[in-house]
Every structure is written in structure tokens, then in C-alpha cells.
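Structure first, commentary second.
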2 protein chains.
Amino acid sequence: MKAATIRDVAERADVSVASVSRVLTGAGPVTDSTRKKVLEAVEALQYVPHSGARSLSTSKTQTIGVILPDLYGEFFSELIRGMDVAARAFGYHLIVSSSHDDAEEASAAIRSMRGRVDGLIVLSPHLDAANLASSLAGRLPILLMNGGADAGRPSIVVDNHGGAVQAVEHLIATGRRRIAHISGPTGNLEAETRLAGYLQAMADADLPTTVVEGAFTQASGHRAGAELVAGRNRPDAIFAGNDMMAVGAMLALQDAGLSVPDDVALVGFDDVPIAGLMRPGLTTLRINIAETGRSALERLVRLINAAGEAVADTACEVVRPELVVRPSSNPATQARTNSGERAREAAGTSSLKGENPQ
Amino acid sequence: MKAATIRDVAERADVSVASVSRVLTGAGPVTDSTRKKVLEAVEALQYVPHSGARSLSTSKTQTIGVILPDLYGEFFSELIRGMDVAARAFGYHLIVSSSHDDAEEASAAIRSMRGRVDGLIVLSPHLDAANLASSLAGRLPILLMNGGADAGRPSIVVDNHGGAVQAVEHLIATGRRRIAHISGPTGNLEAETRLAGYLQAMADADLPTTVVEGAFTQASGHRAGAELVAGRNRPDAIFAGNDMMAVGAMLALQDAGLSVPDDVALVGFDDVPIAGLMRPGLTTLRINIAETGRSALERLVRLINAAGEAVADTACEVVRPELVVRPSSNPATQARTNSGERAREAAGTSSLKGENPQ
DNA sequence: CAATTCCGTGTAACCGATTACATGACACAC
DNA sequence: GTGTGTCATGTAATCGGTTACACGGAATTG
């Protein structure tokens, strides 16, 4: 039994294919009686329009492609969730291609999506991918989320620089002066922007800087933390380029017998779920990822609908991270209030939607 | 400038559309000179075949749909990663639709994918979704990962029952006898299967059971843990239905001034990244999620290619969880060796691939 | 009552690929 | 030199929708 076509439906409803199409697309005039007959036939035949055929005649696919680098954990899922919910609301589908960690792979993925999607959202922490993406995509609307403001094309970036400044200013405000930074890997735009923010905030406060390079991994954070406490002139605060390195550093500090935050305060970046579950809870910078994903998708849909017209949208939208203060950066003089914080954290589910079946 | 069609390519290469098609699909004989001319024209025109048109004439979309419930964090991203990598290897694209938490929504998603995909992978922890999926999909190959063995259709399930038995037997082996269970929400297949495994293992060992119902969330685990330690006849071990509840319970125990594992041992399920980062590290059951996703996709591709033929594949593949022993379930008599474990965990990146840009 | 408008409906062209079949060139054998 | 077989290539039908245009019947108007 082959799938029903629009002609089967037309025949069964005793109308023309044009009427069936009009009922189904909602375009053009039809009487109620015709509509009723068509819908009955559709129901009876379990008819679903062939999307390929539709896309052939309308040259729209109602599909949006998402190109992602190697993202892990909460970040990935929240982002897709936000985009997916928005996509459904607009009647779009989402084609996802993940794990593209170099420009080569990413451009292959873009190429393979051409003709299959109405627009692309490209996340890429790689310096050169932005141009690649735009040249490869031809006339396809593209929204970049590559972490670097790329003037002249629609994009969304996280204010990594501002976030880093916030982190440093917070540490200064709580009385720290010897503030070190564990940076992310060289070549990663986000890492470099966060580093730049750290350097600037320290310069503004006239404080000396210490930077150890990490790789955005927990292990590298552990190594960097160990290195920092072993050196002379031990810092009284560490701002890590992301939460995973902060977690590694925290464990290294505790291994060395130091107290966080009394001996060394600690601030991360991203607010991954683990941040709130560490003891002490990790101060960090939060980005509402799902919201960012939703917003990215909505913007792309607008770009698609406006295609060809006044391309007024070349702005670079900035998402500002929010500082979430937890005990890891309590003022140096303050007594520990571990249990209170612990109870609060344990009761809340804000950063952790728990269900995780299978 | 509209996109080039196969006719433009044919014209430019001074051959027929048939030859262009033959070169591009690799089917049929062509001389090297023709191939060369065609490829040059393709390159010059930046030609990409229209997937809709192709799908119309071949009735294949080279796309696989994935229907997911509300999944969070690592589970979601690992699963998609595994599927995505496999899909690329087979030349397939992945359409993802997530956040379907009731059968209604899930079936709407399935319907909207008909005609757009060559096959479906449906994850659903809902009891009735299995039948729904199969009836809605028509002749579309479907692979179920709904957590309940559903004889007669291709499916992949996690051995939740066996995992729970392993957990309980492990706790018994380390000397515990008063073992309580924090279950997941009623109506969730996985939760119920894990509960059943607990009950069976306890019955086999002739031990009395205690069950408190949770909701797979950290907060519910915290409540359940508090309730368990407050009651008379405090358990000396708790097996939680998932890691998030185990984490909540651990914090509740520590809030109550109890030591894990000395006073109460703790075992979770899933091996989320946080499990290894808790202090003490949480004993749990690990599933290689990416691998499971990859395997699911490969199996579906096989189903697609075999469509219509001998549908010999109606088996229910079982994925067995692996017990990961960490300090939260150390034998009751053993001294704490926190620092050793801590160093090991911090050095390893096994469960945590750290990069988490933006 | 005829003329005009309006509007629901049907016919058929079109979107851009694939592919069965026809064609024609060429080589080889008799 | 004609016949036969092989094989690269071209022609045209086809997939299943959408939609411009034509058409015809009812309602409105003079």
C-alpha cells in the first residue's frame, strides 16, 4: 500500500486537486462543504502531503539547519531545546549537525545542507569560520553565533568581555587583590575575549595580572590551580575561563589543603549545573541558553521572511551574562555558612531540571 | 540570482541532464571527459541538487527523525552526538524534535515528520506511546527506545531492572542490610522498572524494603532523603532511582550530620557528570549513551534499507548498565580515602569532556 | 430580463530532480 | 561492406505538490 497522494484525496472527496491544496495550505477560497469533504478524505486516507513535492513547487523547506561545534552537556541540550520550541511555534523543523570542531568539517556540513534548509544557524568558536560560512552559504540566510562580533552580518554573541569584567570587579569588591586567571585555549574566541576582559578590568583597577592557560577542561583547571597555589605569591582569588576549569581548580585547591573561599576565592563562567552543586557553591556567570537559542531562531525566521528585501538586520545582538554569587567568592572576612547555603541549593531546582530517564 | 538547476549545469557542460545526474549520483556509465566537464560546471555554478526534487523522484529523503521527551543535560547531548556522527557516516541528516512530554505532543511531532524522513527513532518513557507511534507512522520504519520491551517491534531498551539488581547486590556485598529506595515518578517506565529490580533483589536476599517516591529531581531526592533519615529504623544504604535524586539525598544526609558512606551508603543511576564530582563521589550505573545512540541509528538505517523485505528484525536489543563504584558506597568498615579518590577524579576527564563555549 | 460582478472550482503548466527507453556512434567479425 | 553488439548519451515521462488562469453559476444591478 503506497502512501496516498493529493490526487487520491481529490478523487475520494470528489473535488479537484486544487481545492484539496487550497484547503490544506489555507490559501484561496473554499466553501465549508468542500473543506469538510476534503478533510474527511484526508482523514480516511491518512494523507500527509509529500514535503519534497511541496518544497519543489514553493521552494521553501520549512526547515532550519543548525551547525554546532563539539558542545557538551547542558549547553547543548538547552540550546537545542530553546531553538526547537521556537521552531515548532513557527512551523519549522530543525536539522542538527553537531560535533564540528574545525572549519573544514563545518563547511562540509553547511554544503550538505544547502537546498535542504531555508536558513542556517552556525555556532562556531573558530576564528575563520565566519567568512567560510557566509561564502559557502550563497544566498541562504545565516545567523552567526560564533562568539566574535562580525560586523555586517546578523549575529548573536555573548558578552564574554563584559562578563569577565563583572567577575573581576566582583572579586575586587569582596576585597581580593591578587586575582589570577585560568584562560581557555588559545584560538578559541570566547576564551580570548574572556581573557581580554580580565586583563582590562585588572588594568583599570591597577592590579598586577597572572594568567595560566587551560583548555576549558576540568583536568586542565586542576593542573592550572595546582600550579597557581604552588608558585610564590599565591593568589587570593582565581577567575577561571569556564566552570569546568573552576571545578578542577577548586578540587586542586582543596587537595592542597586550602579553603575556598577563605584562602582563595573562585569564580567560573557558564553556570553549568555542577556549579551550584559544588561545595562551596561556585560563583559564576549565567547565560540563559534556552532563551538565547529561542531568540536566535526567531531572528533567523525573520531573516528568512525578509529575504531579498531591505536587509536592515545586520546587527550584532549581545547577550549579557548575569553574575550568580555563591559561597566560593564570599568576602574573605566572612565566616563560613555552608549549611545554610547547602539547604538553599538543595531545595531549589532552578539550574537543574532533574529528569534524566534511561 | 536564482540557484542553479541541473539544466543550467547540463547547458554549461554541453551535455544532457541525464549525464549530469549520472555523474552526480554515481549511477550509470559516463566517460571521463563527460564527468570532467560536468564537475567543472558544477563547481563554476556552485550547483547543489535540490533535495526536494530528488526526494520527489526517488522517494527517499536521506533524513531520519528523532522524537525525544524532555531530556536534559548530558543525556540529551550524548545521545544526539552518537546519532549524528553515525548519521553523517551513512549520508543521512537528523531532524530533531525534543521536549515531548506527553503522548499527544509526541504524536503530533511524528505526524509532522511523515513524508519528511525515511525513518524514525522514538524515545518515550510513556506507557502508551509505543502503540501510538507505530499506528501513526504508517509504513515508516521506526525504532523504539521507550524503556519498555515491546515485543514484535524493533527496539532498544536499557536494562533498568538488571541495573537496579546490580546496585542492590553491590550494597549487600558491602555489608548493608537496611537498604531503602527512592523511586522515580509513577507512570515513568524506567522508574518503575528500576523499582521492580530493587524489590526483586531485596526479596531474593530476604531483606525488608522501604520505598519513598521521588520525581527524578534533585529537590525530590532531598525531600526523600530527609524523610528517610528522620524516620525510625534509619537505613544504612539508599539506592536512588537516578543520580539527581541521589545527589539531593546526599546533601540531605550531610545536612543531617550523617556521613556518606559511613553512616549511609548511596547509589544512583545514570552516571551523570555530577556523580563523579560529588564529595564523596557517587556510585552509580553507567550507560554509554553516545554508543547507544550510534547503535540505534545504525540499526534504523538497516531497517530502512531492508524495508519491505524480510522484516526479521523485531528484536529488542538490551543495553546493560555498568556499575561504577565510587566512595559513596565504600564498605562500611573502610576508612575514608577522600583525597585519593579526589585526585583520581580530578585528573580524569572520562565522564566530562570539558569544553563548553559561550 | 440582460448585463455585470463575484467567487468557488477545475485544468494544466510548472518546480527540479531521476531514469526507462530510444538513439546513434563505434568496433569488430564475417 | 554489411550486420551485430556494446556503450555512452539524449529525450521525455514521471514523482506530488502549488497556483495562474479559465470557466461557469449565482448574486447584484440597471
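Quick caveat: nothing in here was measured; it's all calculated off a predicted structure. Every chain is numbered from 1 and lettered A, B, ... according to where its sequence line falls, protein lines coming before strand lines.
Going from atom CG of B:Leu56 over to atom P of D:dA13 covers 17 Å, rounded to whole Å. Rounding to whole angstrom units, CZ of residue A:Arg54 and P of D:dT19 are separated by 9 Å. Between the CG atom of B:Asp32 and the P atom of D:dA8 there is a distance of 10 Å, given to the nearest Å. Taking atom CD of A:Glu11 as the reference point, atom C1' of D:dG16 lies 15 Å away to the nearest angstrom. Rounded to whole Å, atom C1' of C:dG16 lies 10 Å from atom CG of B:Asp8. Going from atom CZ of B:Arg35 over to atom P of D:dC7 covers 16 Å, rounded to whole Å. In this structure, B:Ile6 atom CD1 and D:dA12 atom C1' are separated by 14 Å, rounded to whole Å. The CG atom of B:Asp14 sits 12 Å away from the C1' atom of D:dT9 (whole-angstrom rounding).
Nucleic acid contact for A:Val15: sugar-phosphate only, since backbone atoms but no base atoms lie under 4.0 Å from a heavy atom of the residue. At a threshold of 4.0 angstrom between heavy atoms, the contacts of A:Thr31 are confined to the sugar-phosphate backbone, with no base atom among them. Residue-level contact check: B:Ser21 touches the bases, meaning some heavy atom is under 4.0 Å from a base atom.
Taking a cutoff of 4.0 Å between a charged side-chain nitrogen and a carboxylate oxygen, B:Asp32 and B:Lys36 do not qualify as a salt bridge. A salt bridge links A:Arg294 with A:Glu298; the closest basic N to acidic carboxylate O contact falls under 4.0 Å. Ion pairing of A:Glu40 with A:Lys37 is absent here, as no side-chain N (NZ or NE/NH1/NH2) approaches a carboxylate O to less than 4.0 Å.
Considering only heavy atoms from C-beta on, A:Ile64 stays 4.5 Å or farther from A:His93 through its side chain.
Nearest to the side-chain atoms of B:Ala18 among the listed nucleotides C:dT19, D:dT18, C:dT18 stands C:dT19.
Remark: B:Ser57 is not in phosphate contact with D:dC15, judged by side-chain N or O atoms under 4.0 Å from OP1 or OP2. Put simply, B:Ser19 has a side-chain N or O that comes within less than 4.0 Å of OP1 or OP2 on D:dG10.
A distance-only check finds no donor-acceptor pair linking the side chain of A:Arg81 to the backbone of A:Phe76 [under 3.5 Å].
Each of B:Ala53 and B:Pro29 was assigned the nucleotide of DNA chain D with the nearest heavy atom; the assignment lying further toward the 5' end belongs to B:Pro29. The nearest heavy atom of DNA chain D to B:Thr34 and to A:Thr25 marks one nucleotide each, and the one closer to the 5' end goes with B:Thr34. Ranked by how close their nearest DNA chain C nucleotide is to the 5' end, B:Arg22 and B:His50 are led by B:His50.
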